[in-house]
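Below: one structure, written as C-alpha coordinates.
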Amino acid sequence: MASVSRAIRQTAPLPVLIAPTTTRSWAAAYGRMRYPQVSLGLRLSAYGCRSFSNTRRNWREAAVSLPEAKRGGSKLFASADEAVADIPSGSVLLSAGFGLCGVASTLIAALRRRGPEALNSLTAVSNNAGAEGRGGLALLTESGQVDRMIMSFLGSNKKLERQYLTGKIAVELCPQGTLAERIRAAGSGIPAFYTPTGGRTLVQEGAIPARFDADGNVVEYGKPRETRIFNGKPFLMETALAGDVAILRAWKVDKAGNCVFRHTTKSFGPLMAKAARLSIVEAENIVEVGEIDPNDVNLPGIYIDRIVPATEKSQVEILKTRSEPSGDSDGATTAGKVSDALARRNRIAKRAAKELKHGFYVNLGVGIPTLAPSFLPPGEQVWIQSENGILGMGDYPLPSDVDADIVNAGKESVTLVPGAATFDSSESFSMIRGGHVDVSILGALQVSAAGDLANYMIPGKVFKGMGGAMDLVSNPDNTKIVVATDHVAKDGSSKVVQACSLPLTGARVVSTIITDLCVFQVDRKRGTLTLTEIAPGVALDEVKSKTDATYSVAEDLQTME
(Lines give C-alpha, C1' and ligand atoms only; values in the text may rest on other atoms or scores of the structure.)
Protein backbone atom coordinates (compact mmCIF):
# COMPACT_ATOMS: atom_id res chain seq x y z
CA MET A 1 0.00 0.00 0.00
CA ALA A 2 2.91 2.36 0.65
CA SER A 3 3.97 2.37 -3.00
CA VAL A 4 0.41 3.05 -4.10
CA SER A 5 0.10 5.98 -1.73
CA ARG A 6 3.33 7.50 -3.00
CA ALA A 7 2.11 7.21 -6.59
CA ILE A 8 -1.18 8.86 -5.81
CA ARG A 9 0.47 11.77 -4.00
CA GLN A 10 2.41 12.70 -7.15
CA THR A 11 0.18 15.54 -8.25
CA ALA A 12 2.68 17.82 -9.97
CA PRO A 13 1.41 19.11 -13.31
CA LEU A 14 2.47 17.03 -16.29
CA PRO A 15 5.35 18.72 -18.13
CA VAL A 16 4.95 19.45 -21.82
CA LEU A 17 6.26 16.26 -23.40
CA ILE A 18 5.41 16.95 -27.03
CA ALA A 19 8.07 18.42 -29.22
CA PRO A 20 7.06 21.72 -30.86
CA THR A 21 7.09 20.02 -34.25
CA THR A 22 4.53 17.37 -33.31
CA THR A 23 1.09 17.49 -31.78
CA ARG A 24 0.62 21.07 -30.59
CA SER A 25 2.11 22.82 -33.63
CA TRP A 26 0.48 20.37 -36.02
CA ALA A 27 -2.91 20.97 -34.41
CA ALA A 28 -2.56 24.72 -34.83
CA ALA A 29 -1.38 24.38 -38.41
CA TYR A 30 -4.14 21.94 -39.25
CA GLY A 31 -6.73 24.27 -37.78
CA ARG A 32 -5.45 27.18 -39.86
CA MET A 33 -5.07 25.10 -43.00
CA ARG A 34 -8.50 23.51 -43.15
CA TYR A 35 -10.45 25.89 -40.97
CA PRO A 36 -8.99 29.41 -41.31
CA GLN A 37 -11.74 31.00 -39.20
CA VAL A 38 -10.53 29.06 -36.15
CA SER A 39 -7.12 29.30 -34.52
CA LEU A 40 -6.78 25.97 -32.80
CA GLY A 41 -3.63 26.95 -31.02
CA LEU A 42 -5.48 29.71 -29.11
CA ARG A 43 -8.06 27.39 -27.64
CA LEU A 44 -5.92 24.52 -26.42
CA SER A 45 -5.62 24.37 -22.66
CA ALA A 46 -2.42 23.51 -20.85
CA TYR A 47 -1.76 20.00 -19.68
CA GLY A 48 -3.11 19.27 -16.27
CA CYS A 49 -6.29 21.32 -16.61
CA ARG A 50 -9.21 19.77 -14.79
CA SER A 51 -11.85 18.36 -17.10
CA PHE A 52 -14.29 16.05 -15.42
CA SER A 53 -16.55 15.35 -18.37
CA ASN A 54 -15.61 14.42 -21.91
CA THR A 55 -19.20 14.62 -23.16
CA ARG A 56 -22.31 16.70 -22.65
CA ARG A 57 -23.60 14.42 -19.90
CA ASN A 58 -21.82 13.77 -16.63
CA TRP A 59 -21.72 10.31 -15.10
CA ARG A 60 -25.24 9.11 -14.26
CA GLU A 61 -26.72 12.57 -14.72
CA ALA A 62 -30.33 12.24 -15.88
CA ALA A 63 -31.27 14.69 -18.64
CA VAL A 64 -34.37 12.94 -19.99
CA SER A 65 -37.35 11.42 -18.25
CA LEU A 66 -37.45 7.67 -18.77
CA PRO A 67 -40.20 5.27 -17.73
CA GLU A 68 -39.51 3.48 -14.49
CA ALA A 69 -38.17 -0.07 -14.77
CA LYS A 70 -40.73 -2.14 -12.88
CA ARG A 71 -39.56 -4.98 -10.68
CA GLY A 72 -41.61 -8.14 -10.39
CA GLY A 73 -43.56 -7.86 -13.63
CA SER A 74 -42.94 -9.57 -16.94
CA LYS A 75 -39.96 -8.31 -18.95
CA LEU A 76 -41.37 -9.67 -22.20
CA PHE A 77 -42.68 -7.30 -24.84
CA ALA A 78 -44.62 -8.50 -27.84
CA SER A 79 -42.54 -6.50 -30.31
CA ALA A 80 -39.61 -4.15 -30.62
CA ASP A 81 -41.99 -1.33 -31.60
CA GLU A 82 -43.81 -1.66 -28.28
CA ALA A 83 -40.54 -1.80 -26.31
CA VAL A 84 -39.15 1.45 -27.77
CA ALA A 85 -42.41 3.41 -28.01
CA ASP A 86 -41.75 5.47 -24.85
CA ILE A 87 -38.06 6.28 -25.40
CA PRO A 88 -37.88 10.10 -25.39
CA SER A 89 -36.00 12.40 -27.72
CA GLY A 90 -32.64 13.57 -26.41
CA SER A 91 -31.78 10.17 -24.92
CA VAL A 92 -28.23 8.84 -24.73
CA LEU A 93 -28.47 5.53 -26.60
CA LEU A 94 -25.85 2.84 -25.98
CA SER A 95 -25.89 0.57 -29.04
CA ALA A 96 -24.04 -2.74 -28.71
CA GLY A 97 -22.28 -4.56 -31.51
CA PHE A 98 -19.07 -4.36 -33.51
CA GLY A 99 -19.61 -3.46 -37.14
CA LEU A 100 -22.80 -5.39 -37.90
CA CYS A 101 -21.90 -8.24 -35.55
CA GLY A 102 -24.13 -8.34 -32.46
CA VAL A 103 -26.03 -5.22 -33.48
CA ALA A 104 -29.60 -4.86 -32.18
CA SER A 105 -30.94 -4.59 -35.72
CA THR A 106 -34.56 -5.34 -34.75
CA LEU A 107 -34.61 -2.55 -32.15
CA ILE A 108 -32.81 -0.11 -34.44
CA ALA A 109 -35.40 -0.74 -37.15
CA ALA A 110 -38.16 -0.03 -34.62
CA LEU A 111 -36.48 3.21 -33.52
CA ARG A 112 -36.24 4.29 -37.14
CA ARG A 113 -39.92 3.57 -37.72
CA ARG A 114 -40.78 6.14 -35.05
CA GLY A 115 -39.33 8.78 -37.38
CA PRO A 116 -37.46 12.02 -36.63
CA GLU A 117 -40.66 13.88 -35.71
CA ALA A 118 -41.33 11.56 -32.76
CA LEU A 119 -37.76 10.58 -31.85
CA ASN A 120 -34.77 12.83 -32.46
CA SER A 121 -31.70 14.52 -30.96
CA LEU A 122 -30.25 11.19 -29.84
CA THR A 123 -26.67 10.87 -28.63
CA ALA A 124 -25.62 7.44 -29.89
CA VAL A 125 -22.69 5.60 -28.34
CA SER A 126 -21.17 2.70 -30.24
CA ASN A 127 -17.81 1.45 -31.45
CA ASN A 128 -18.84 2.48 -34.97
CA ALA A 129 -21.99 3.46 -36.83
CA GLY A 130 -22.71 0.28 -38.78
CA ALA A 131 -22.69 0.06 -42.57
CA GLU A 132 -24.19 2.72 -44.81
CA GLY A 133 -27.55 1.62 -46.20
CA ARG A 134 -27.24 -1.86 -44.66
CA GLY A 135 -27.68 -1.73 -40.92
CA GLY A 136 -26.53 -0.63 -37.50
CA LEU A 137 -26.75 2.94 -36.30
CA ALA A 138 -26.26 4.11 -39.90
CA LEU A 139 -30.02 3.68 -40.27
CA LEU A 140 -30.64 6.24 -37.52
CA THR A 141 -27.96 8.70 -38.64
CA GLU A 142 -29.36 8.58 -42.18
CA SER A 143 -32.89 9.26 -40.91
CA GLY A 144 -31.71 12.37 -39.04
CA GLN A 145 -32.58 11.01 -35.58
CA VAL A 146 -29.03 11.22 -34.19
CA ASP A 147 -27.47 14.55 -33.22
CA ARG A 148 -24.18 13.23 -31.83
CA MET A 149 -22.10 10.07 -32.15
CA ILE A 150 -19.52 8.93 -29.59
CA MET A 151 -17.40 6.28 -31.28
CA SER A 152 -13.87 5.05 -31.98
CA PHE A 153 -14.06 4.53 -35.72
CA LEU A 154 -15.91 6.29 -38.52
CA GLY A 155 -14.92 3.67 -41.07
CA SER A 156 -16.14 3.81 -44.65
CA ASN A 157 -19.54 5.36 -43.89
CA LYS A 158 -19.37 8.16 -46.47
CA LYS A 159 -22.84 9.50 -45.70
CA LEU A 160 -22.04 9.92 -42.01
CA GLU A 161 -18.75 11.52 -42.99
CA ARG A 162 -20.62 14.11 -45.08
CA GLN A 163 -23.08 14.75 -42.25
CA TYR A 164 -20.15 15.28 -39.90
CA LEU A 165 -18.34 17.69 -42.23
CA THR A 166 -21.43 19.78 -42.90
CA GLY A 167 -22.50 20.21 -39.29
CA LYS A 168 -25.51 17.91 -39.35
CA ILE A 169 -24.06 15.60 -36.73
CA ALA A 170 -21.32 15.85 -34.12
CA VAL A 171 -18.75 13.07 -33.77
CA GLU A 172 -16.67 12.54 -30.64
CA LEU A 173 -13.81 10.14 -31.38
CA CYS A 174 -12.62 8.06 -28.43
CA PRO A 175 -10.00 5.27 -28.44
CA GLN A 176 -11.73 1.91 -28.51
CA GLY A 177 -10.34 0.59 -25.24
CA THR A 178 -11.07 3.86 -23.49
CA LEU A 179 -14.63 3.78 -24.84
CA ALA A 180 -15.15 0.27 -23.46
CA GLU A 181 -13.64 1.17 -20.10
CA ARG A 182 -15.70 4.37 -19.79
CA ILE A 183 -18.86 2.33 -20.32
CA ARG A 184 -17.68 -0.39 -17.92
CA ALA A 185 -16.89 2.24 -15.28
CA ALA A 186 -20.37 3.74 -15.56
CA GLY A 187 -21.96 0.35 -14.97
CA SER A 188 -19.69 -0.23 -11.98
CA GLY A 189 -20.36 3.08 -10.22
CA ILE A 190 -16.88 4.47 -10.92
CA PRO A 191 -17.05 8.10 -12.08
CA ALA A 192 -13.54 8.34 -13.58
CA PHE A 193 -10.26 6.49 -14.06
CA TYR A 194 -6.72 7.05 -15.35
CA THR A 195 -5.38 5.41 -18.49
CA PRO A 196 -2.11 5.62 -20.47
CA THR A 197 -4.03 5.49 -23.76
CA GLY A 198 -3.90 8.67 -25.81
CA GLY A 199 -1.10 10.33 -23.86
CA ARG A 200 0.83 12.98 -25.80
CA THR A 201 -1.69 12.89 -28.66
CA LEU A 202 -4.57 15.07 -29.85
CA VAL A 203 -6.81 13.14 -27.45
CA GLN A 204 -4.89 14.55 -24.50
CA GLU A 205 -4.99 18.03 -26.05
CA GLY A 206 -8.72 17.86 -26.76
CA ALA A 207 -7.80 18.98 -30.28
CA ILE A 208 -9.92 16.65 -32.42
CA PRO A 209 -12.83 18.51 -34.05
CA ALA A 210 -16.23 17.31 -32.80
CA ARG A 211 -18.60 19.53 -34.76
CA PHE A 212 -18.43 21.68 -37.88
CA ASP A 213 -20.83 24.26 -39.22
CA ALA A 214 -22.46 24.07 -42.65
CA ASP A 215 -19.44 25.78 -44.22
CA GLY A 216 -16.94 23.30 -42.79
CA ASN A 217 -15.60 25.48 -39.98
CA VAL A 218 -14.90 23.89 -36.61
CA VAL A 219 -17.35 25.06 -33.95
CA GLU A 220 -16.63 22.44 -31.27
CA TYR A 221 -13.62 20.41 -30.21
CA GLY A 222 -13.04 17.64 -27.73
CA LYS A 223 -12.08 18.52 -24.18
CA PRO A 224 -8.50 18.43 -22.87
CA ARG A 225 -7.90 15.61 -20.41
CA GLU A 226 -6.64 16.13 -16.91
CA THR A 227 -3.30 14.35 -16.54
CA ARG A 228 -1.42 12.86 -13.63
CA ILE A 229 1.89 11.09 -13.11
CA PHE A 230 1.95 7.54 -11.73
CA ASN A 231 5.28 5.74 -11.36
CA GLY A 232 6.92 8.35 -13.54
CA LYS A 233 4.49 7.99 -16.46
CA PRO A 234 1.67 10.28 -17.60
CA PHE A 235 -1.93 9.06 -17.47
CA LEU A 236 -5.11 10.72 -18.72
CA MET A 237 -8.25 10.97 -16.63
CA GLU A 238 -11.30 9.69 -18.51
CA THR A 239 -14.84 9.96 -17.19
CA ALA A 240 -17.49 7.25 -17.07
CA LEU A 241 -19.95 7.14 -19.95
CA ALA A 242 -23.47 6.20 -18.89
CA GLY A 243 -26.54 5.91 -21.07
CA ASP A 244 -30.26 6.39 -20.75
CA VAL A 245 -31.12 3.37 -22.90
CA ALA A 246 -29.04 0.37 -24.00
CA ILE A 247 -30.03 -1.81 -26.94
CA LEU A 248 -28.32 -5.15 -27.47
CA ARG A 249 -28.76 -8.53 -29.14
CA ALA A 250 -28.22 -11.93 -27.51
CA TRP A 251 -28.38 -15.47 -28.81
CA LYS A 252 -30.46 -16.85 -25.94
CA VAL A 253 -32.39 -15.04 -23.18
CA ASP A 254 -34.64 -16.52 -20.52
CA LYS A 255 -37.72 -14.72 -19.24
CA ALA A 256 -35.79 -13.49 -16.20
CA GLY A 257 -33.43 -11.63 -18.53
CA ASN A 258 -30.37 -13.86 -18.21
CA CYS A 259 -28.42 -13.59 -21.48
CA VAL A 260 -26.10 -15.85 -23.44
CA PHE A 261 -24.00 -14.32 -26.24
CA ARG A 262 -22.24 -16.18 -29.04
CA HIS A 263 -18.58 -15.48 -29.75
CA THR A 264 -17.78 -11.87 -30.75
CA THR A 265 -21.36 -10.63 -30.28
CA LYS A 266 -20.43 -10.11 -26.63
CA SER A 267 -17.90 -7.35 -27.45
CA PHE A 268 -20.04 -4.47 -26.14
CA GLY A 269 -23.36 -6.11 -25.18
CA PRO A 270 -22.76 -6.89 -21.48
CA LEU A 271 -20.92 -3.60 -20.92
CA MET A 272 -23.67 -1.40 -22.31
CA ALA A 273 -26.51 -3.22 -20.57
CA LYS A 274 -24.85 -2.49 -17.22
CA ALA A 275 -24.28 1.20 -17.97
CA ALA A 276 -27.82 2.23 -18.92
CA ARG A 277 -30.86 3.18 -16.87
CA LEU A 278 -33.06 1.10 -19.17
CA SER A 279 -31.72 -1.93 -21.04
CA ILE A 280 -33.56 -3.68 -23.85
CA VAL A 281 -32.37 -6.96 -25.37
CA GLU A 282 -33.57 -8.57 -28.57
CA ALA A 283 -33.25 -12.32 -28.31
CA GLU A 284 -32.76 -14.84 -31.10
CA ASN A 285 -34.12 -17.47 -28.72
CA ILE A 286 -36.41 -16.77 -25.74
CA VAL A 287 -36.60 -19.64 -23.25
CA GLU A 288 -38.22 -20.36 -19.91
CA VAL A 289 -36.56 -19.55 -16.61
CA GLY A 290 -34.27 -22.42 -15.65
CA GLU A 291 -33.48 -23.52 -19.19
CA ILE A 292 -30.11 -21.74 -19.17
CA ASP A 293 -27.42 -23.36 -17.04
CA PRO A 294 -26.16 -20.76 -14.52
CA ASN A 295 -22.61 -21.48 -15.69
CA ASP A 296 -23.55 -20.34 -19.20
CA VAL A 297 -25.02 -16.96 -18.26
CA ASN A 298 -22.90 -14.13 -19.72
CA LEU A 299 -25.11 -11.31 -18.42
CA PRO A 300 -27.36 -11.74 -15.35
CA GLY A 301 -30.98 -10.70 -15.64
CA ILE A 302 -30.60 -7.89 -13.10
CA TYR A 303 -29.25 -5.73 -15.92
CA ILE A 304 -32.12 -6.36 -18.36
CA ASP A 305 -35.46 -4.51 -18.21
CA ARG A 306 -37.15 -5.48 -21.47
CA ILE A 307 -36.96 -8.50 -23.79
CA VAL A 308 -38.19 -8.64 -27.38
CA PRO A 309 -37.88 -11.30 -30.07
CA ALA A 310 -35.21 -10.67 -32.71
CA THR A 311 -36.80 -10.65 -36.15
CA GLU A 312 -33.96 -9.19 -38.24
CA LYS A 313 -31.25 -11.57 -39.48
CA SER A 314 -27.62 -11.18 -38.49
CA GLN A 315 -25.29 -9.85 -41.18
CA VAL A 316 -21.58 -10.05 -41.93
CA GLU A 317 -20.26 -6.60 -42.74
CA ILE A 318 -17.19 -7.78 -44.69
CA LEU A 319 -17.50 -11.34 -46.00
CA LYS A 320 -14.08 -12.96 -46.37
CA THR A 321 -13.62 -16.61 -47.27
CA ARG A 322 -10.82 -18.88 -48.35
CA SER A 323 -10.71 -21.74 -50.85
CA GLU A 324 -9.40 -25.20 -50.30
CA PRO A 325 -5.56 -25.26 -50.57
CA SER A 326 -4.44 -25.42 -54.21
CA GLY A 327 -0.68 -25.30 -53.79
CA ASP A 328 -0.42 -21.90 -55.51
CA SER A 329 -0.13 -19.39 -52.72
CA ASP A 330 3.02 -17.47 -53.60
CA GLY A 331 1.46 -15.11 -56.10
CA ALA A 332 3.69 -16.37 -58.93
CA THR A 333 0.81 -16.44 -61.40
CA THR A 334 0.11 -12.73 -60.84
CA ALA A 335 1.93 -10.65 -63.40
CA GLY A 336 3.60 -7.25 -63.49
CA LYS A 337 3.06 -4.65 -60.79
CA VAL A 338 0.71 -6.81 -58.70
CA SER A 339 3.34 -9.55 -58.45
CA ASP A 340 5.99 -7.01 -57.41
CA ALA A 341 3.67 -5.56 -54.76
CA LEU A 342 2.86 -9.00 -53.40
CA ALA A 343 6.53 -9.97 -53.30
CA ARG A 344 7.30 -6.77 -51.38
CA ARG A 345 4.50 -7.40 -48.90
CA ASN A 346 5.57 -11.01 -48.41
CA ARG A 347 9.17 -9.91 -47.78
CA ILE A 348 8.01 -7.62 -44.98
CA ALA A 349 5.64 -10.22 -43.53
CA LYS A 350 8.28 -12.97 -43.64
CA ARG A 351 10.68 -10.84 -41.62
CA ALA A 352 7.89 -9.79 -39.25
CA ALA A 353 7.21 -13.47 -38.56
CA LYS A 354 10.63 -13.69 -36.90
CA GLU A 355 9.29 -11.42 -34.16
CA LEU A 356 6.73 -14.10 -33.27
CA LYS A 357 7.96 -16.91 -31.07
CA HIS A 358 6.22 -20.19 -30.35
CA GLY A 359 3.43 -19.69 -27.79
CA PHE A 360 3.43 -15.89 -28.07
CA TYR A 361 0.21 -13.92 -27.71
CA VAL A 362 0.15 -11.38 -30.55
CA ASN A 363 -2.06 -8.68 -31.99
CA LEU A 364 -1.80 -8.01 -35.72
CA GLY A 365 -2.99 -4.86 -37.44
CA VAL A 366 -4.80 -5.00 -40.76
CA GLY A 367 -2.88 -5.42 -44.01
CA ILE A 368 0.72 -6.64 -44.05
CA PRO A 369 0.83 -7.65 -40.34
CA THR A 370 -1.91 -10.25 -40.87
CA LEU A 371 0.33 -12.10 -43.35
CA ALA A 372 3.07 -12.79 -40.79
CA PRO A 373 1.69 -16.03 -39.24
CA SER A 374 1.67 -17.74 -42.64
CA PHE A 375 5.50 -17.55 -42.59
CA LEU A 376 5.96 -19.25 -39.22
CA PRO A 377 8.04 -22.46 -39.29
CA PRO A 378 6.05 -25.73 -39.18
CA GLY A 379 5.04 -26.66 -35.64
CA GLU A 380 5.23 -23.13 -34.27
CA GLN A 381 1.97 -21.62 -33.07
CA VAL A 382 1.05 -18.16 -31.87
CA TRP A 383 -2.21 -17.05 -30.29
CA ILE A 384 -3.66 -14.18 -32.28
CA GLN A 385 -5.63 -11.65 -30.27
CA SER A 386 -8.27 -9.50 -31.95
CA GLU A 387 -9.30 -6.43 -29.95
CA ASN A 388 -13.02 -6.97 -30.53
CA GLY A 389 -12.82 -9.99 -28.22
CA ILE A 390 -10.93 -13.01 -29.61
CA LEU A 391 -7.89 -14.87 -28.31
CA GLY A 392 -7.09 -17.62 -30.77
CA MET A 393 -8.22 -16.18 -34.10
CA GLY A 394 -7.88 -18.42 -37.14
CA ASP A 395 -8.00 -18.05 -40.91
CA TYR A 396 -10.88 -16.86 -43.06
CA PRO A 397 -13.62 -19.51 -43.19
CA LEU A 398 -14.57 -21.73 -46.08
CA PRO A 399 -17.79 -20.44 -47.70
CA SER A 400 -19.77 -23.19 -46.00
CA ASP A 401 -18.39 -22.29 -42.56
CA VAL A 402 -19.17 -18.57 -42.39
CA ASP A 403 -20.58 -17.58 -38.99
CA ALA A 404 -21.97 -14.03 -38.66
CA ASP A 405 -21.13 -14.11 -34.94
CA ILE A 406 -17.38 -14.51 -35.53
CA VAL A 407 -15.61 -11.46 -36.96
CA ASN A 408 -12.22 -9.85 -36.45
CA ALA A 409 -11.31 -6.25 -35.62
CA GLY A 410 -11.55 -5.42 -39.32
CA LYS A 411 -15.19 -6.65 -39.23
CA GLU A 412 -14.27 -9.56 -41.51
CA SER A 413 -15.58 -13.11 -41.16
CA VAL A 414 -12.94 -15.34 -39.54
CA THR A 415 -12.63 -18.63 -37.67
CA LEU A 416 -11.53 -19.68 -34.20
CA VAL A 417 -8.71 -22.15 -33.56
CA PRO A 418 -9.01 -24.97 -31.00
CA GLY A 419 -8.44 -23.48 -27.56
CA ALA A 420 -9.75 -20.04 -28.52
CA ALA A 421 -11.66 -17.79 -26.14
CA THR A 422 -14.08 -14.92 -26.74
CA PHE A 423 -14.87 -12.09 -24.33
CA ASP A 424 -16.09 -8.52 -24.10
CA SER A 425 -14.08 -5.47 -25.15
CA SER A 426 -13.11 -4.36 -21.64
CA GLU A 427 -11.49 -7.78 -21.10
CA SER A 428 -9.76 -7.48 -24.46
CA PHE A 429 -8.21 -4.12 -23.68
CA SER A 430 -7.25 -5.23 -20.18
CA MET A 431 -5.02 -7.77 -21.93
CA ILE A 432 -3.64 -5.04 -24.19
CA ARG A 433 -3.08 -2.16 -21.78
CA GLY A 434 -1.96 -4.57 -19.07
CA GLY A 435 0.95 -5.75 -21.21
CA HIS A 436 -0.20 -9.38 -21.43
CA VAL A 437 0.16 -9.38 -25.23
CA ASP A 438 3.76 -10.18 -26.18
CA VAL A 439 3.98 -8.45 -29.55
CA SER A 440 1.80 -6.07 -31.52
CA ILE A 441 2.55 -5.52 -35.21
CA LEU A 442 0.99 -2.47 -36.85
CA GLY A 443 1.16 -0.55 -40.09
CA ALA A 444 2.24 3.09 -40.22
CA LEU A 445 1.78 6.32 -42.08
CA GLN A 446 4.95 7.59 -40.41
CA VAL A 447 7.33 6.34 -37.74
CA SER A 448 10.06 8.51 -36.27
CA ALA A 449 13.66 7.91 -35.21
CA ALA A 450 12.49 8.08 -31.59
CA GLY A 451 9.77 5.47 -32.11
CA ASP A 452 6.83 7.86 -32.43
CA LEU A 453 3.99 6.29 -34.44
CA ALA A 454 1.40 8.02 -36.64
CA ASN A 455 -1.06 5.65 -38.29
CA TYR A 456 -4.63 6.93 -38.08
CA MET A 457 -4.89 10.36 -39.69
CA ILE A 458 -3.53 12.48 -42.56
CA PRO A 459 -3.59 16.29 -42.42
CA GLY A 460 -5.98 17.88 -44.88
CA LYS A 461 -8.10 14.75 -45.08
CA VAL A 462 -10.87 13.48 -42.84
CA PHE A 463 -9.65 10.82 -40.48
CA LYS A 464 -11.55 7.60 -39.90
CA GLY A 465 -10.77 7.30 -36.21
CA MET A 466 -8.11 5.64 -34.12
CA GLY A 467 -10.02 2.45 -33.29
CA GLY A 468 -7.89 0.40 -30.90
CA ALA A 469 -4.47 1.56 -32.15
CA MET A 470 -3.79 4.01 -29.31
CA ASP A 471 -4.50 1.27 -26.77
CA LEU A 472 -2.31 -1.22 -28.61
CA VAL A 473 0.75 1.01 -28.20
CA SER A 474 -0.04 2.17 -24.65
CA ASN A 475 2.32 -0.25 -22.84
CA PRO A 476 5.47 -0.55 -24.99
CA ASP A 477 7.62 -1.66 -22.05
CA ASN A 478 5.71 -4.93 -21.79
CA THR A 479 4.27 -5.35 -25.30
CA LYS A 480 6.85 -5.02 -28.06
CA ILE A 481 5.56 -2.70 -30.78
CA VAL A 482 6.72 -3.60 -34.29
CA VAL A 483 5.92 -1.54 -37.39
CA ALA A 484 5.62 -3.45 -40.68
CA THR A 485 5.24 -1.11 -43.63
CA ASP A 486 6.45 -0.12 -47.08
CA HIS A 487 9.50 2.11 -46.80
CA VAL A 488 7.94 4.91 -48.83
CA ALA A 489 4.37 6.15 -49.29
CA LYS A 490 2.54 6.14 -52.62
CA ASP A 491 3.79 9.65 -53.35
CA GLY A 492 7.40 8.53 -52.83
CA SER A 493 7.87 10.25 -49.47
CA SER A 494 9.69 8.40 -46.71
CA LYS A 495 7.64 6.80 -43.96
CA VAL A 496 10.71 6.61 -41.71
CA VAL A 497 11.17 10.21 -40.60
CA GLN A 498 13.20 12.18 -38.10
CA ALA A 499 10.04 13.63 -36.51
CA CYS A 500 6.44 12.81 -37.36
CA SER A 501 4.51 15.60 -39.04
CA LEU A 502 1.26 13.65 -38.74
CA PRO A 503 -0.78 13.37 -35.50
CA LEU A 504 0.67 10.77 -33.16
CA THR A 505 -0.92 7.48 -32.26
CA GLY A 506 1.71 7.09 -29.58
CA ALA A 507 5.00 8.73 -28.55
CA ARG A 508 8.20 6.66 -28.21
CA VAL A 509 6.41 3.36 -28.53
CA VAL A 510 7.97 1.52 -31.52
CA SER A 511 10.93 -0.82 -30.94
CA THR A 512 11.43 -2.34 -34.41
CA ILE A 513 10.71 -1.03 -37.92
CA ILE A 514 10.47 -3.55 -40.76
CA THR A 515 10.17 -2.31 -44.34
CA ASP A 516 10.64 -3.81 -47.78
CA LEU A 517 14.19 -2.37 -47.81
CA CYS A 518 15.56 -2.95 -44.34
CA VAL A 519 15.13 -3.32 -40.58
CA PHE A 520 15.74 -0.57 -38.02
CA GLN A 521 16.02 -1.01 -34.27
CA VAL A 522 14.83 1.92 -32.16
CA ASP A 523 16.35 3.06 -28.88
CA ARG A 524 13.21 4.65 -27.43
CA LYS A 525 15.00 6.17 -24.45
CA ARG A 526 17.74 7.85 -26.46
CA GLY A 527 15.55 8.54 -29.46
CA THR A 528 17.99 6.98 -31.94
CA LEU A 529 17.73 4.63 -34.89
CA THR A 530 20.10 1.84 -35.98
CA LEU A 531 20.03 0.03 -39.32
CA THR A 532 20.58 -3.65 -38.46
CA GLU A 533 19.43 -5.57 -41.57
CA ILE A 534 19.20 -4.84 -45.27
CA ALA A 535 17.16 -6.70 -47.90
CA PRO A 536 18.97 -8.75 -50.56
CA GLY A 537 19.84 -6.68 -53.61
CA VAL A 538 19.29 -3.37 -51.81
CA ALA A 539 22.21 -0.95 -51.58
CA LEU A 540 22.95 1.24 -48.58
CA ASP A 541 22.68 4.29 -50.81
CA GLU A 542 19.08 3.37 -51.68
CA VAL A 543 18.14 3.10 -48.02
CA LYS A 544 19.80 6.45 -47.35
CA SER A 545 18.04 8.20 -50.24
CA LYS A 546 14.62 6.91 -49.17
CA THR A 547 14.96 7.51 -45.42
CA ASP A 548 14.22 10.93 -43.95
CA ALA A 549 15.45 9.96 -40.48
CA THR A 550 19.01 10.11 -39.25
CA TYR A 551 20.36 6.68 -38.34
CA SER A 552 23.56 4.76 -37.68
CA VAL A 553 24.58 1.50 -39.37
CA ALA A 554 25.31 -1.52 -37.20
CA GLU A 555 28.87 -2.86 -37.42
CA ASP A 556 27.48 -6.37 -37.98
CA LEU A 557 24.87 -5.41 -40.56
CA GLN A 558 22.89 -8.51 -41.45
CA THR A 559 21.04 -9.59 -44.58
CA MET A 560 17.27 -9.42 -44.11
CA GLU A 561 15.75 -12.88 -44.51
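- The pair E205-R225 does not count as a salt bridge, with every side-chain nitrogen at least 4.0 angstrom from each carboxylate oxygen.
- N127 and S152 share a donor-acceptor pair across their side chains, judged by distance under 3.5 Å alone.
- Shown here are the side chain to side chain donor-acceptor pair (under 3.5 Å) partners of S425, two or more places apart in sequence or in another chain: there are none.
- In this pair, W383 and Y361 present their aromatic rings parallel. The plane angle is below 30°, not in the 30 to 60° band.
- For residues 401-423, no residue pair satisfies the ring pair (Phe, Tyr, Trp, His ring centres under 6.0 Å) rule, not counting sequence neighbours.
- A search for side chain to side chain donor-acceptor pair (under 3.5 Å) contacts involving T485 returns K495, not counting sequence neighbours.
- Qualifying side chain to side chain donor-acceptor pair (under 3.5 Å) partners for S426, counting only residues two or more places apart in sequence or in other chains: D424.
- For residues 175-194, the ring pair (Phe, Tyr, Trp, His ring centres under 6.0 Å) pairs, not counting sequence neighbours, are Y194-F230.
- Salt bridge annotation for R249-E284: present, with a cationic side-chain nitrogen under 4.0 angstrom from a carboxylate oxygen.
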task: Could you please spell out the steps behind the salt bridge (Lys or Arg N to Asp or Glu O under 4.0 Å) verdict for E132 and K159?
output: CA-CA 7 Å; E132 182 178 345; K159 192 165 186 177; over 6 Å; no
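- By the salt bridge (charged side-chain N to carboxylate O under 4.0 Å, His left out) test, E312 is found to be paired with no residue, residues two or more places apart in sequence or in another chain being considered.
- Separating the CG atom in L398 from the CG atom in D401 is a distance of 5.0 Å, to the nearest 0.5 Å.
- The pair R211-D147 meets the salt-bridge criterion, with a side-chain N (NZ, NE, NH1 or NH2) lying under 4.0 Å from an Asp/Glu carboxylate O.
- Looking at K274 and S188, their side chains never bring a donor and an acceptor atom within 3.5 Å of each other.
- Note on D403 versus R262: salt bridge recorded, some NZ/NE/NH1/NH2 to OD/OE distance being below 4.0 Å.
- Applying the salt bridge (charged side-chain N to carboxylate O under 4.0 Å, His left out) test to K411 and every residue at least two apart in sequence or in another chain returns nothing.
- S474 contributes atom OG, which lies 10.0 Å from atom NZ of K233 (distance to the nearest 0.5 angstrom).
- Considering only heavy atoms from C-beta on, V407 stays 4.5 Å or farther from E317 through its side chain.
- Counting only residues at least two apart or in different chains, salt bridge (charged side-chain N to carboxylate O under 4.0 Å, His left out) contacts with residues 77-96 comprise D81-R113, D86-R306.
- Take D213 and apply the salt bridge (charged side-chain N to carboxylate O under 4.0 Å, His left out) test, not counting sequence neighbours, and it matches no residue.
- For residues 429-445, no pair satisfies side chain to side chain donor-acceptor pair (under 3.5 Å), with sequence neighbours left out.
- With sequence neighbours left out, D254 forms a side chain to side chain donor-acceptor pair (under 3.5 Å) with N258.
- Ring centroids of F98 and F268 are separated by 6.0 Å or more, keeping the two rings apart.
- Residues that satisfy the salt bridge (charged side-chain N to carboxylate O under 4.0 Å, His left out) test with R184, not counting sequence neighbours, are E181.
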